[in-house]
Amino acid sequence: MVAVQVHNTLSRKLEAIVPRPGERQTLSLYTCGPTIYAHAHIGNFRAYVFEDLLQRHLQERGFTVRRVMNLTDVDDKTIRGAHASGMALGDYTRPFKEAFFEDAKTLRLVPAEAYPAATDPEQIARMIAMIASLMERGHAYQAEDGSLYFRIASFPDYGKLAHVDLEGQRPGQRVASDEYEKEAVADFALWKAWVAEDGAVGWESPWGKGRPGWHIECSAMATGLLGETIDIHCGGVDNIFPHHEAEIAQCECAGHGKAPFVRYWMHCAHLMVEGSKMAKSAGNFFTLRDLLEKGWTGREVRYALISVHYRGALNFTMEGLAAARTALARLDAWRERLTETAGSEPAVEAPDATTEGFFTALDDDLNISGALAILFETLRESNRSMDEGRLTPPQARGLLAWLARVDGVLALQPDDVAAIPQEVEELLADRAAARAAKEWKKSDELRDKIADLGWVVKDTKDGQRVTKS
RNA sequence: GGCGGGGUAGCCAAGUGGUAAGGCCGGGCUCUGCAAAAGCCCCAUGCGACGGUUCGAUUCCGUCCCCCGCCUCCA
């Protein structure tokens, strides 16, 4: 059995991923999804692309991955946004939800098994049931304002994920000063009592009308869909505290036994843009849509996001995107060349054993740099062979088969190329004739005409090659 | 103050107690009517600073400097 090792935030160590007893090859994966009050930005997508790489690699290694990603469709910002636009909550979030799925597709993210939304009646019911369980066990209380809070003093393990000792904490700047109703300042909201600003947003509960706190949403949806113990839970580093800490507290206190909530916690570092923290005020805030408008493609953005190890800060730059474009073009050209060399021979010869290093690098906590190094070394080596005419068709086919496996993980192959229009085909035929007759002027004119139609012609050793401009 | 992540060539970035992967940029060459593309080759006596351990350290230990993040609802 191949051992995939990952860095577990809980233990701060590299640990081999082993399925739960009784589960042969199935792993559950819960990933915190977007809050759909706006378009997700590339920082959000960095986390989703990392999770996608993880899922795809686990699948390559033979695991069946059951993945759930939640959608947070109710929180302060969402309510404010809906209120400001005069729309019902669901009408306000719907376009952002649809946009998220489109963006995910553009970035080639494998769809999750389920995308529960916080406002789904079924999920609200689960949250209420979980809060009720916490109340019964003395882990929660209702404050004077009607809101329910988690009693952190009742859970000694609180802080084990972030490795924080609340005693030593300096209060953060965002502690709301009006939360005097709580027993302890660190106690977090499970259920927020309805207030006038909430307008039409609210659900009935045993404790009165209100809405769920953010943390309970994930706890309820994760355990509701994947069971009491989840194998892998991912998110951004900023979620470690308090969000994931709170999730642990809720699940392990409401649970039926001493079942740990999550076995492997994985967190993705932040993304910076041009060297600084991404912020609207700094003018370096990008959604995927912004980048597509600038002419970048989904796979270029994917490459830029995927090519830096997930636990290191990623500095996202236009230069980085340009590098992604060049590297992808090189991979594309190589794949085409291999395809030509492969011909239609049925025989397949396995590539050099070192190519397996691509996958063993990823086994090591998703060492993408090491994996890409193997990919490019293989590229150069086989190009040399082809230059010298040494690469046999069975060898080329072996490399293509390997490349297909590699791309099952990277998902960086070009989109299906658009069919060449008849008009362009005719011009190409004319141009080929002109070239054969060495009528260079005519050849150049035809190249211009083809360019006007939106296609670029390049003359290679083996004739003309056109691509959509 | 507490807890994390990080400082490796112009940029991005792996990695190892034994003499620095890979990508981009740049340079050279090949191909070539031109243009473009593509391919190959070259490109860090050096791994934040200073000490120490060692036959040998970028890699281990110590001290220090710098950058970034989290510390209550931001991936």
Side-chain angles (χ1 to χ4, degrees), chain A residues 9 12 31-35 40-51 72 75-77 152 159 162-176 179 185-189 192 213-215 217 234-243 245-246 267-272 275-279 303-304 307-309 311-317 319-334 336-337 361 364 367-377 379-380 383-384 386-388 435 438-441 443-444 447 456-461 465 467:
Chain A
T9 309
R12 303 278 161 89
T31 53
C32 285
T35 301
H41 55 70
I42 48 166
N44 297 317
F45 280 113
R46 188 212 180 171
Y48 308 145
V49 166
F50 140 63
E51 290 153 5
T72 298
D75 80 330
D76 292 348
K77 285 178 191 161
I152 285 175
H163 296 228
V164 296
D165 173 9
L166 286 177
E167 299 303 311
Q169 286 301 295
R170 170 185 291 183
Q173 296 176 343
R174 284 180 287 182
V175 174
E179 290 184 325
V185 69
D187 289 353
F188 56 87
K192 296 183 163 187
W214 179 41
H215 312 309
E217 293 175 12
C234 300
V237 281
D238 51 330
N239 277 160
I240 295 173
F241 193 90
H243 184 51
E245 200 68 61
H267 292 95
C268 177
H270 269 269
L271 171 145
M272 319 263 288
S276 354
K277 185 172 178 170
M278 183 165 64
Y303 187 101
S307 59
V308 173
H309 184 78
R311 284 196 290 121
L314 163 59
N315 187 17
F316 191 85
T317 62
E319 196 182 340
L321 279 172
R325 175 169 289 176
T326 309
L328 285 169
R330 212 172 142 210
L331 287 169
D332 292 349
W334 176 47
E336 282 182 33
R337 197 176 177 197
D364 179 20
N367 182 351
I368 187 69
S369 295
L372 289 175
I374 301 271
L375 177 61
F376 281 98
E377 275 164 13
L379 173 151
R380 191 188 308 121
N383 268 329
R384 256 194 304 254
M386 287 189 279
D387 282 351
E388 295 164 12
R435 294 178 62 71
K438 298 201 185 292
E439 295 172 25
W440 307 124
K441 196 173 174 218
S443 167
D444 291 347
R447 181 164 61 199
V456 178
V457 193
K458 282 157 192 166
D459 298 306
T460 73
K461 227 174 1 184
R465 173 161 286 158
T467 49

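On a predicted model such as this, the values are computed, not experimentally measured, just so you know. For the numbers below, each heavy atom of this structure counts, side chains included, while hydrogens, waters and symmetry mates do not.
- Taking CH2 from A:Trp214 and CG from A:Asp75, the interatomic distance works out to 9.0 Å, rounded to the nearest 0.5 Å.
- As a whole-Å value, the separation of A:Asp75 CG from B:U72 P is 18 Å.
- Rounded to whole Å, the distance from CZ on A:Arg311 to C1' on B:A14 is 13 Å.
- Heavy atoms of A:Arg380 sit under 4.0 angstrom from primed sugar atoms or phosphate atoms, though from no base atom.
- One donor-acceptor pair, N or O on each side, does fall under 3.5 Å between the base of B:C34 and the side chain of A:Arg447.
- Contact annotation: side chain of A:Asp444 to base of B:G33, donor-acceptor pair present below 3.5 Å.
- In this structure, A:Gly43 reaches the bases: a heavy-atom distance under 4.0 Å links it to at least one base atom across the strands shown.
- Within the 4.0 angstrom heavy-atom criterion, no nucleotide atom of any strand lies near A:Leu314.
- The existence of a salt bridge linking A:Asp444 and A:Arg447 is confirmed by a sub-4.0 Å separation between a basic side-chain nitrogen and an acidic carboxylate oxygen.
- Across every non-hydrogen atom of A:Arg46 and A:Cys268, the tightest pair is CD-SG, 3.7 Å.
- Base contact: A:Asn44 has a heavy atom under 4.0 Å from a base atom.
- Atom CD in A:Glu377 sits about 11 Å away from atom C1' in B:A14, given to the nearest Å.
- In this structure, A:His267 reaches neither bases nor backbone, as no heavy-atom distance under 4.0 Å exists between it and the strands shown.
- For B:C40, the OP1/OP2 oxygens have a side-chain nitrogen or oxygen of A:Asn383 closer than 4.0 Å.
- The partner of B:C24, taking Watson-Crick or G-U wobble pairs whose two distances both stay under 3.5 Å, is B:G10.
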